[in-house]
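See structure below.
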Amino acid sequence: SAVISQKPSRDICQRGTSLTIQCQVDSQVTMMFWYRQQPGQSLTLIATANQGSEATYESGFVIDKFPISRPNLTFSTLTVSNMSPEDSSIYLCSVGAGLTGGEQYFGPGTRLTVT
Amino acid sequence: AQKITQTQPGMFVQEKEAVTLDCTYDTSDPSYGLFWYKQPSSGEMIFLIYQGSYDQQNATEGRYSLNFQKARKSANLVISASQLGDSAMYFCAMREGFGAGNMLTFGGGTRLMVKP
């Protein structure tokens with residue numbers, strides 16, 4: 001299994017500012033995933049972060065808005081830049097584990113409110 | 001393109017009764033995995049159960065079982081003996097391929113409410 005922590009757990013930010021979310025895993029993992037969950041919605045993948053290379057972004061998400069760092073195999077950050085109220089969401093970090101792909105763990109999430 | 005559908009936006013169940021949450025999926029990849037997660041109001045995603053596409057038997061984890069019907073492309077979650085603490089959002093998800101580096105795609109979710 002993998003234990004994932006995220007900081008901060010929640011924040012209230014003003015529009016136009018940026019927030020960096022940290023994700024720490026208790027074991028080394030190749031891929032880390034960042035998801036967004038807008039209010040009342042399901043989870044949508046923002047990007048996949050592989051250590052040592054640029055993150056791969058899903059359609060509708062761009063690096064200028066959601067820059068990601070992946071400095072080592074246990075840590076990643078997601079920055080939400082130039083925030084607007086539409087960015088108010090829960091942001092979740094996730095990692096896969098296990099040889100058969102049958103394990104996928106999530107961090108506790110960062111609940112962001114933009115005013 | 002893969003797709004996950006949960007047709008029940010909300011459901012009620014009486015405490016101690018069983019409930020089935022529906023999930024259908026669409027993929028052309030013969031190798032895939034299906035996941036169910038519980039999300040209480042706190043927002044955390046709690047892993048419940050997993051079924052691989054080549055698994056011969058339906059997965060079970062305590063009070064949770066997965067009714068896997070491959071030909072119909074359905075992976076319904078069955079919760080037996082519902083408890084008040086089961087009230088939450090439930091998400092079905094799929095991963096194409098078995099690698100831990102492959103993303104999960106989620107359904108729209110079902111809100112389950114357990115009545116005392």
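None of the values given here were measured: they were computed from a predicted structure. Per chain, numbering begins at 1; letters A, B, ... match sequence-line order.
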Contacting region of Q39(B) [heavy-atom separation from chain A under 4.5 Å]:
side chain
Heavy-atom cut-off 4.5 Å, strictly under: side chain, backbone, both or neither for L45(A) against chain B?
side chain
Please walk me through it: do R63(B) and D86(B) pass salt bridge (charged side-chain N to carboxylate O under 4.0 Å, His left out)?
CA-CA 11 Å; R63(B) 294 187 300 112; D86(B) 293 334; 2.8 Å; yes
Can the ring centroids of F98(B) and Y32(B) be said to lie less than 6.0 angstrom from one another?
no
Hey, are R111(A) and D11(A) close enough for a salt bridge, meaning a charged N less than 4.0 Å from a carboxylate O?
no
Given a strict heavy-atom distance threshold of 4.5 Å, which part of Q41(A) is in contact with chain B: side chain, backbone, both, or neither?
backbone
Does one side chain, of S31(B) or Y54(B), offer a donor that lies under 3.5 Å from an acceptor on the other?
yes
